[in-house]
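What follows is a single structure, written as structure tokens, with notes after it.
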Amino acid sequence: MRNSAQQSKRLFPRSGSIVRMRFILTVAVAFLLTGRDAIAAMSAPALPAAADIGASSGQKRAQERVGAILRSEELRTGLCGVLAVRMDGDTLVNFASGHKLVPASTAKLISTGLALKVLGPDYRYGTTLKYSGTVRDSVLKGDLYIVGGGDPTTGAVFPGSRPVSELFAQWKQILLDAGISSIDGRIIADPRFFGDPAPENPGWSLEDLGFAYGAAPRGLNFYENSRSFYVASAASPLAPPVVTPKYPDYPQLDLGVSAICTKSATYDDLYCVNSEFAPYAEFRGAFPLGSRGYVIECSNRFGPLTCAEYFRRYLRGNGVPVSGDAAYLDARGYLHGSPGYADDGLRCASGLQTLGKTLSVPLSEIARVTNYRSDNFFAETLLRTLGGHLQHSCRYDSCCIAANRQLERMGLDVRGGCRLYDGSGLSRKNYISPSFFVSFLKAMTHTPVFESFYASLPSPGMEKTSLVNRFKDSPEALKARIRMKSGSMNGVRCFCGYIEASDGDPRHRVAFSVMTNNVTAPGTSVYRLIEGIILAIVEEN
């Protein structure tokens, strides 16, 4: 056994080891001194050589320009994927295109595209009026049922939408044509078309569920199952802000405010919590003291009941007396009226008689509104309709299975590039790669519904769209060559769509996807950089 001196000689020999140790220390110090550059090198995009993606000078310039932007301080520490491919197969830009990222609202491209492909641009949702009891001497001795067929546009307000009074006038005319001019009973909403007792997606956050963009579609809807409130500052700090209900009026709703007003001029995290288990909503969070008031759009868990109540008011105000109140059916078919209504818990009457039916606008128009406004409510309706049509189930797991099978039939690698969890992109459990988006966009060009799908995509700068503030300084002719869908949430900024070639040749049309995740830079800076990426593709095509 060696003694300690012998071990010391073995571990620290005098011959040449000092030189080696000095070399190791020098390398370590050099790494520490250049650690920032080393980390930057690891974080920076490992772009393929321009020669690897195409031989033309335009393709090389596009790749180099995009590479420089991706290495910017704002983007290099996040996750980025870019792919731009022409219809003739040439790749203009490619960076990390196989990585699956959170798509946000660009997921609506898949919802609208598949709905158009499966259901057809001319598909319409129906709403049916039925009744129980008997009709004698122009009086309905029984209840009137509004049986929803999933129409998301009932009472909705969007460019080109018809006022709800026009729809109610049609429903009233159906009653008059059947010889009914008075109702001795209730107006009952039947929202069971989708059949799922939990219409909200389980992947949505509690905070999202309280806002209008987190409202869930039912078989019968009203004003996209949302409700607006006006919020104003209190006079003193820590006091609750003043919340005033606006439209639609729902007097049975009990409203609470646990939020407070803070002295911070910028801190505003006001949100609403509500539930279908009780007609109660509560505002929580903080509101800046002294700040100007604004309208906040919240979800309404009692959209079907609101529809029945507003139609009841319409009839009573337009010469058709209604003796009873509004009520609604739950997923099990049990009847619920206004809070405290005596007949809560009764089953839906059997043997209902049909009076008539009204139809929604065509699906092509619904898809256009979905993508133009980035409408979550419409997108979720389309996915659930797809699931019901193909899987005979509107549960979200069935809907996603239906969507995946359709994507596979289009020749797309779903397992490798796409994980759908909802139809709107609101859930952070959605993961889609830029490569999958581009493959989907290319596949859509070969479907009979491509014209309707393409028309549903807005161009940058278009009024009353989610792209109204994009590419403000770019020429109109250049913006007109872009049709795309945006997607954004905290840390996520994405754009996917088409770019028309300057020569107008459809073979030179580009399908592109630009996706960024985990980017903490201000949104204005990120948008500026992403617009630079898209402009590089446009100008070199």
Side-chain angles (χ1 to χ4, degrees), residues 87 103 105-126 149-153 156 158-162 217 224 359-390 399 402-403 405-407 409-412 418 420 423-425 432 436-460 462-467 479-487 495-501 504 506-507 509-513:
M87 293 300 122
S105 285
T106 53
K108 294 182 176 70
L109 289 170
I110 295 176
S111 303
T112 53
L114 292 183
L116 288 167
K117 179 177 178 292
V118 174
L119 304 172
D122 297 326
Y123 177 87
R124 295 172 184 261
Y125 291 92
D151 184 1
T153 69
F158 54 88
S161 65
R162 58 180 175 179
E224 299 190 51
L359 300 176
S360 71
V361 297
L363 182 61
S364 57
E365 176 67 11
I366 295 174
R368 185 188 66 81
V369 174
T370 302
N371 287 328
Y372 268 45
R373 299 199 313 172
S374 198
D375 194 303
N376 290 355
F377 191 82
F378 283 16
E380 296 301 333
T381 301
L382 294 179
L383 180 66
R384 304 197 78 181
T385 306
L386 196 69
H389 186 80
L390 297 175
C399 295
R405 288 178 177 174
Q406 285 299 310
L407 292 169
R409 290 178 182 176
M410 297 172 70
L412 303 177
C418 176
L420 279 180
S424 64
I432 305 176
F436 187 89
F437 266 126
V438 169
S439 296
F440 173 77
L441 291 169
K442 291 184 68 177
M444 284 300 299
T445 64
H446 301 296
T447 65
V449 299
F450 175 66
E451 183 177 346
S452 296
F453 178 66
Y454 186 84
S456 75
L457 304 179
S459 292
M462 290 183 66
E463 294 292 332
K464 298 180 180 180
T465 73
S466 58
L467 302 181
K479 291 190 287 187
R481 289 170 50 197
I482 306 172
R483 291 294 187 100
M484 65 183 186
K485 180 73 193 73
S486 63
F495 291 92
C496 304
Y498 300 100
I499 297 171
E500 297 300 327
R507 295 173 300 176
R509 175 187 291 135
V510 170
F512 76 93
S513 176

**Message:** Hydrogens and angles aside, do Thr112 and Asn371 bring a side-chain donor and acceptor to less than 3.5 Å of each other?
**Reply:** yes

**Shortest non-hydrogen contact from Thr381 toward Tyr125** = CG2-OH, 3.6 Å

**Prompt:** After noting the C-alpha distance and the side-chain angles of Tyr123 and Ile366, does the key distance pass the side chain to side chain contact (heavy atoms under 4.5 Å, CB included) rule?
**Reply:** CA-CA 10 Å; Tyr123 177 87; Ile366 295 174; over 6 Å; no

**Request:** Supply the atom-to-atom distance Ser111 OG to Arg384 CZ, rounded to the nearest 0.5 angstrom.
**Result:** 12.5 Å

**Prompt:** Below 4.0 angstrom, N of the basic side chain to O of the carboxylate: do Arg373 and Glu224 qualify?
**Reply:** yes

**Prompt:** Hey, does Phe453 have a side-chain heavy atom less than 4.5 Å from the side chain of Leu109?
**Reply:** yes

**Prompt:** Would Asn376 and Ser105 satisfy side chain to side chain contact (heavy atoms under 4.5 Å, CB included), going step by step from the backbone distance to the final call?
**Reply:** CA-CA 8 Å; Asn376 290 355; Ser105 285; 4.1 Å; yes

**Distance in Å, Cys418 SG paired with Phe436 CZ, rounded so as to fall on 0.5 Å steps** = 4.0 Å

**Message:** I need the Phe437 CZ to Ile432 CD1 distance, nearest 0.5 Å.
**Reply:** 4.0 Å

**Request:** For residues Ser513 and Val438, determine if any side-chain heavy atom of one lies less than 4.5 Å from a side-chain heavy atom of the other.
**Result:** yes

**Prompt:** Which word best sums up how the rings of Tyr454 and Tyr498 line up, parallel for under 30°, tilted for 30 to 60°, or perpendicular for over 60°?
**Reply:** tilted

**Request:** Evaluate the side-chain proximity of Asp375 to Phe158: yes if any heavy-atom separation is below 4.5 Å, no if none is.
**Result:** no

**Complete:** Output for pair (Arg124 CZ, Ser364 OG), nearest 0.5 Å, gives 8.0 Å

**Message:** Quick check: closest heavy atoms across Lys108 and Ser424, and the distance to 0.1 Å?
**Reply:** NZ-O, 3.0 Å

**Message:** Looking at every non-hydrogen atom in both residues, tell me the closest pair between Pro159 and Lys464 and how far apart they are.
**Reply:** CG-CD, 3.9 Å

**Item:** Pairwise distance OG(Ser456) to CD(Glu451) - rounded to 0.5 angstrom
**Value:** 11.5 Å

**Prompt:** Considering all heavy atoms of both residues, which atom of Gln406 and which atom of Val118 are nearest to each other, and what is their separation?
**Reply:** OE1-CG2, 3.5 Å

**Message:** Counting C-beta onward and ignoring hydrogens, is there a side-chain heavy-atom pair between Lys479 and Ser459 closer than 4.5 Å?
**Reply:** no

**Message:** Show the nearest heavy-atom pair for residues Ala455 and Arg368, with the distance to one decimal.
**Reply:** O-CG, 4.1 Å

**Request:** Kindly indicate whether the side chain of Arg509, heavy atoms from C-beta on, has any atom under 4.5 Å from the side chain of Ile499.
**Result:** no

**Asked** Can you check whether Met462 reaches Leu467 side chain to side chain, under 4.5 Å on heavy atoms?
**Response** no

**Working for side chain to side chain contact (heavy atoms under 4.5 Å, CB included), residues Met410 and Leu114** = CA-CA 10 Å; Met410 297 172 70; Leu114 292 183; 3.9 Å; yes

**Message:** Are Leu382 and Leu363 packed together at the side-chain level, in the sense that at least one heavy-atom pair is separated by less than 4.5 angstrom?
**Reply:** yes

**Prompt:** Got a second to check how far Thr370's OG1 is from Leu457's CG, nearest 0.5 Å?
**Reply:** 11.0 Å

**Message:** Is there a side-chain contact between Pro217 and Pro152 in this structure, where contact means two heavy atoms from C-beta onward sitting under 4.5 Å apart?
**Reply:** no

**Prompt:** Between Leu383 and Cys399, what is the shortest heavy-atom contact and its length?
**Reply:** O-SG, 3.6 Å

**Message:** Is it the case that atom CZ in Arg162 sees more than 12 heavy atoms from other parts of the structure closer than 6.0 Å?
**Reply:** yes

